Amino acid sequence: MLMHFLVRTSATVLAALALTVGGVAAAGARPAPRPAALPVIAFDLPVRNGLEIPPDVAGGTLSPVRVVGKPAMRTLQYPPPPGGVEFAVANPAPHKYQYESRFLSIAWRNVATGRSGVLRLRHWQKTQTSDGYASTLPTSAVAETGSGAVVATVRVMRDNLERPPQVIDAIPGLNALTVP
């Protein structure tokens, strides 16, 4: 009895599979569900500005600056392009004259390969009157990290005229992401 059930069930499944694969569905049968798009996994890198001395300091003391990292789009080609992470500033701040010398420095490292690099982004909205180094920076960029686990830190920097940029954040942002 069990053998008869298995033979009958497998014959029915094979017939349904043959009809569905051939593109013709049996009357009353539901079409096969399409695979859902893969979810985009993003991570947030919040960093806190340092202590600011009033009056009228843009952002204020310990204000958050958010950077979002997600796997970069890849084209379908052979050989496949290297994996990467797209870093973007979430909600750039309104322009204030104090921001014109400030930018974000994102240092990343692929733990699997040892590959590393630094990106610089602007975290405020640019106007026609904006000038200086930070106004030339984009609010998003792609780092060619390669596939594997990627660790990133975000720092708020202030550009100095005759000295290297100075770190002005109180709490740096730190997070990790796996790039396919």
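The model shown is predicted, which means the values in this text are computed figures rather than measured ones. Computed over heavy atoms, backbone and side chain alike; hydrogens, waters and symmetry mates excluded.
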Any donor-acceptor N/O pair, [X] side chain to [Y] backbone, under 3.5 Å:
X: Arg102; Y: Ile168; answer: no
X: Asn160; Y: Pro164; answer: yes
X: Arg120; Y: Leu137; answer: no
X: Arg74; Y: Pro81; answer: yes
X: Asn110; Y: Thr145; answer: yes
X: Trp124; Y: Ala93; answer: no
X: Ser147; Y: Pro180; answer: yes
X: Lys126; Y: Ser135; answer: yes

How many angstroms lie between [atom1] in [X] and [atom2] in [Y], if you round to the nearest 0.5 Å?
X: Arg158; Y: Phe103; atom1: CZ; atom2: CZ; value: 11.0 Å
X: His123; Y: Thr139; atom1: NE2; atom2: OG1; value: 12.0 Å
X: Ser130; Y: Arg122; atom1: OG; atom2: CZ; value: 7.5 Å
X: Lys70; Y: Leu177; atom1: NZ; atom2: CG; value: 11.5 Å

Quick check: closest heavy atoms across [X] and [Y], and the distance to 0.1 Å?
X: Ala143; Y: Leu119; answer: CB-CD1, 3.8 Å
X: His95; Y: Gln125; answer: CB-O, 3.3 Å
X: Arg109; Y: Gly114; answer: NH1-O, 3.0 Å

Note, [X] side chain near [Y] side chain (heavy atom, < 4.5 Å):
X: Val85; Y: Val142; result: no
X: Thr178; Y: Val150; result: no
X: Arg115; Y: Glu144; result: yes

Item to check | ILVMFWY cluster, Val118 and Leu121 together (side-chain gap under 4.5 Å) | outcome: no
Item to check | Path from Tyr133 to Met157 over hydrophobic side-chain contacts below 4.5 Å | outcome: yes
Checklist entry - Under the salt bridge (charged side-chain N to carboxylate O under 4.0 Å, His left out) rule, what pairs show up with a residue in residues 161-180, not counting sequence neighbours? => result Arg155-Asp169
Checklist entry - Passes side-chain contact (heavy atoms from CB on, under 4.5 Å), Val68 versus Phe87? Steps please. => result CA-CA 6 Å; Val68 175; Phe87 294 101; over 6 Å; no
Checklist entry - Does a sphere of radius 6.0 Å around CD in Gln166 hold more than 12 heavy atoms from other residues, nucleotides or ligands, not counting ones at 6.0 Å or beyond? => result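 Atom CD in Gln166 is packed in, count exceeds 12.
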Checklist entry - Do Val151 and Val111 pass the side-chain contact (heavy atoms from CB on, under 4.5 Å) test, and can you show the C-alpha distance, the side-chain angles, and the key distance before you say yes or no? => result CA-CA 7 Å; Val151 177; Val111 178; 3.6 Å; yes
Checklist entry - Looking at Leu104, Val65, Asn175, Val89, which one forms a side-chain contact (heavy atoms from CB on, under 4.5 Å) with Val154? => result Leu104
